[in-house]
Amino acid sequence: MTILSGFGLFWLSLLLASFLALILKKKTNYLRSAGTLLLCLSCLILIFISLSVLGKGGSPLEFEVKVGSFHLPFLIDGLSALFLLLLSVLTLASVIFSLDFVKKYKGDEFWKYYLILPLFIGGLTGLLTVDDLGPGFTLAWQLMVISSYLLIRWGRPTKVSARPALVYLLFMEAAWLMITGSAFLAKGYIFGDSLGTVGLKLAQSGPWQAILFFSLLFLGFGIKTGVFPFGQWWIPDAYSTAWPQVSSLLAGLLEKTGVFGLIRIFFFVAKSSGAAFNPDLWGKVLVVAGVITLFIGTVQAIKQSDYLRLLAYSSIGQVGYIIFALGSSLLAWNSSLPLAKSLASVIFIAAVYHSLNHGIFKGLLFLLGGNLLYATGTRDLNRLGGLLSVMPVSGFLAAIASYSISGMPASSGFVSKWLMISSNFLAGRGSLLLTLSGIVALFTAAFTLACYVKFFGLAFTSAGASWKLKRSIKEVPWKLLASEIFLTVICLSQAFLPMGYVKLIDRSLGLSSGFLLSEAGGDLLSGKMFSLKIHDGQSLLAATSPLLMLFLIVLLAFLAYWFSRSAHPAEIKVPAWLCGYQDLNLNNVYADRHVFSDLKKFFWWTGGSPKKVIDDNDPTVLPDSQPKGEVE
């Protein structure tokens, strides 16, 4: 099977999945099985396409599809293949997760999910493969926007989903107008020109047209990625409204198509546009926007009571790291210092690495949020607690995901954040902006840890879910766990095989023609499969080994346990002191408003105050005042 025939088969499987959803909407078991099978097949085809491009002997594929009088240019190069690989992996996990999760809903609700999800995946794939800002981009964008709007709209009862879905739709359409309208600023632009042609025509345009061109594209793709303040207006409501497996795709993939768009514009179109592109100006814009986004988004996440909104705000913060690194890469490339110029591609690789990492561990966290929703029926952290004893597998996976996104040593988040922040400091020795932004990014990592200490602590440790909810709670079905274990294994590989992922990213860039930093000197990165080193050819500048860190952590934990037992202390078990109360109840349990309360008061000015948590079974949001049924 060739790449081109595989691409056609991929679209055929998606369309067939949607068609069967219409045919089998009354036969729920057949619908779930057929939809899952076809969607998994489409994911496997995408993996084949990606590996065919990225593998040994692979090469980019460029072709056109004629639709009426329009010629739609497609490009599957190394960068596209890398993001398609992320898309296929996350979709595969979400589809398997859905098999049992949708049983919690009525059949007339989840057949629409299997109707629309293939179209959403098709829209995302289109955005990663079309090579224009005209008809091809428009078709892919609208397919993505309308399908995701419906998925958000149908995620919860109408009273709580209508407004978030509408706000999302308005922002996405505004972004589309900015992106497609920007191309008309290039002199002689013809609707449907490829991105490379747009760049060449932009080079012949005036300086103000170029500035406006890049401004509109930054705003358009910035809205999609959630750059401050746009993300705060639509991401928390949209992500907490859609089903968790849909939110996993929104945070893990939809945001990344925005990152992909920024990379295409500021690192590919920018090269062909020549002197029309000002790397110093746009590097500073991206750095400042990224730093503000990562700081405010993370602080706002700490304030949330709804754990899905907490994950959504945190997603804004993590994307801020990626934007910051992209800007830092441009400034380093434009620097007069040879070392900084050589480090530009290292910082860029770190940005892409973190994009892959965030896609995996944030997708995993939203699926784990689905576990909590499936088992407890509530999204309120104040109604949870002590779930580790009844949901041990979910708790273990949540611990790994929380540890990873917090950027703790021996985690995937640590590797990418270490790579981007250390390279930023090395490249920014003569730049006050890079130095200060690196300090803020490093400081904010501690807030991320605080955020997930709150999430994991209130949900899985603490106490009280069993008597707060007055229902039996048990571990979720194995199909939900299987999808999450799959992502956890990938997350761990990203932590302990850093050089493997760096080589994969470097390979993808080598297969992407027109890359701005192709001669910046990415050979400063080296190391074995389990370690990373940054050097300037003569001396070692920085190094990390996650496997060695894990060994030291385990060793220190063992020594601490050994010292604590060496004196053979006597153990006396007594009832916990409950602040003078006789029984454990809502008056003496630790609530989310108490967690890091002084920190939240100090940063009151960042906004993001928590909203009242309304669960789906609340009678006020159900039109018929009846809880949702369950499909056997």
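Cation-pi geometry between Lys256 and Phe83 is not satisfied (NZ or CZ under 6.0 Å from the ring centre, within 45° of the ring normal).
Remark: side-chain polar atoms of Tyr321 are paired, donor with acceptor, to backbone N or O of Ala445 under 3.5 angstrom. Proximity of a side-chain donor or acceptor of Arg507 to a complementary backbone N or O of Leu54 within less than 3.5 Å is detected. Between the side chain of Thr138 and the backbone N or O of Pro135, no donor-acceptor pair lies under 3.5 Å. Under the 3.5 Å distance criterion, the side-chain polar atoms of Ser512 are matched with a main-chain donor or acceptor of Ser508. Between the Ser18 side chain and the Leu15 main chain, no donor and acceptor come within less than 3.5 Å of each other. At distances below 3.5 Å, not a single donor-acceptor pair connects side-chain atoms of Ser273 with backbone N or O atoms of Gly199. When atom types are taken as modelled, the side chain of Ser328 and the backbone of Phe324 share no donor-acceptor pair closer than 3.5 angstrom. Side chain of Gln209 to backbone of Leu202: no donor-acceptor contact under 3.5 angstrom is found. For the pair Thr435 (side chain) and Gly428 (backbone), a donor-acceptor distance under 3.5 Å is present. Checking side-chain atoms of Ser50 against main-chain N and O of Ala81 turns up a donor-acceptor pair under 3.5 Å.
Leu14 and Ser42 make their closest contact through CD2-OG, 3.7 Å (heavy atoms, listed as atom of the first residue, atom of the second, distance). Closest of all the heavy-atom pairs between Ala495 and Ser412 is CB-N, 3.2 Å. Closest heavy-atom contact between Thr180 and Leu133: CG2-O, 3.4 Å. Listed here is the closest heavy atom pair of Ser314 and Ala301: N-CB, 3.6 Å. Of all heavy-atom pairs spanning Asn424 and Gly438, the tightest one is ND2-CA, 3.5 Å. Heavy-atom minimum distance, Thr293 versus Gly226: CG2-O, 3.9 Å.
Counting heavy atoms from C-beta on, the side chains of Leu127 and Phe137 come closer than 4.5 Å. In this structure, Leu487 and Leu90 have side chains that are in contact, with non-hydrogen atoms separated by less than 4.5 Å. Using a 4.5 Å cut-off on side-chain heavy atoms (C-beta onward), Leu119 and Met144 make no contact. Phe120 is listed as a side-chain neighbour of Leu249, based on a closest heavy-atom distance under 4.5 Å. The shortest side-chain heavy-atom distance between Leu516 and Phe268 does not fall under the 4.5 Å cut-off. Using a 4.5 Å heavy-atom cutoff, the side chains of Leu185 and Leu216 are in contact. Between Leu339 and Leu524, the closest side-chain pair of non-hydrogen atoms falls below 4.5 Å. Contact annotation: the side chain of Leu82 approaches that of Leu356 to within less than 4.5 Å [non-hydrogen atoms, C-beta and beyond].
Taking a 6.0 Å sphere around NZ of Lys201, one finds it holds more than 12 heavy atoms contributed by other residues, nucleotides or ligands. For Lys533, the NZ atom is loosely surrounded, since the number of other residues' heavy atoms within 6.0 Å does not exceed 12.
We find the CD1-CZ distance between Ile265 and Phe218 to be 13.0 Å, quoted to the nearest 0.5 Å. Here the CG atom belonging to Leu200 is positioned 11.0 Å from the OG atom belonging to Ser205, to the nearest 0.5 angstrom. Separation of atoms CD1 (Ile322) and CD1 (Ile263) is listed at 8.5 Å; rounding is to 0.5 Å. Rounding to the nearest 0.5 Å places CD1 of Ile146 at 7.5 Å from CG of Leu169. Separating the NZ atom in Lys224 from the CD1 atom in Ile235 is a distance of 10.5 Å, to the nearest 0.5 Å. Here the CZ-CZ distance, from Phe277 to Phe214, works out to 5.5 Å after rounding to the nearest 0.5 Å.
There is a side-chain donor-acceptor pair under 3.5 Å between Ser148 and Tyr168. Defined by atom type and a distance below 3.5 Å, a donor-acceptor pair is present between the side-chain atoms of Ser493 and Tyr501. Counted by atom type alone, Ser80 and Arg264 present one or more donor-acceptor pairs between their side chains at under 3.5 Å.
Using the six-membered ring where Trp is involved, Phe10 and Phe7 have ring planes that are parallel, under 30° apart on the 30 and 60° scheme.
Remark: aromatic rings of Phe260 and Phe221 are distant, center separation not under 6.0 Å. The aromatic ring centroids of Phe348 and Phe515 lie less than 6.0 Å from each other.
In summary, of the residues considered (His354, His358, Glu255), a side-chain hydrogen bond (donor to acceptor under 3.5 Å, both in side chains) with Gln318 occurs for His354 alone.
Remark: Ser13 pairs with no residue by the side-chain hydrogen bond (donor to acceptor under 3.5 Å, both in side chains) rule, at least two apart or across chains. Evaluation of the side-chain hydrogen bond (donor to acceptor under 3.5 Å, both in side chains) rule for Glu173 yields Gln142 as partners, not counting sequence neighbours.
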Would Phe266 and Leu326 count as a side-chain contact (heavy atoms from CB on, under 4.5 Å) if you check the C-alpha gap in whole Å, the side-chain angles of each, and the deciding distance to 0.1 Å?
CA-CA 9 Å; Phe266 289 99; Leu326 292 178; over 6 Å; no

Are Asp132 and Leu195 close enough, and set up right, to give a side-chain contact (heavy atoms from CB on, under 4.5 Å), and what steps lead you there?
CA-CA 5 Å; Asp132 70 350; Leu195 288 175; 5.7 Å; no

Pair Val65, Phe74 - check side-chain contact (heavy atoms from CB on, under 4.5 Å), show working.
CA-CA 8 Å; Val65 175; Phe74 284 84; 3.8 Å; yes

Applying side-chain contact (heavy atoms from CB on, under 4.5 Å), run through Phe228 and Ile316 and close with a yes or a no.
CA-CA 8 Å; Phe228 179 84; Ile316 297 173; 5.9 Å; no

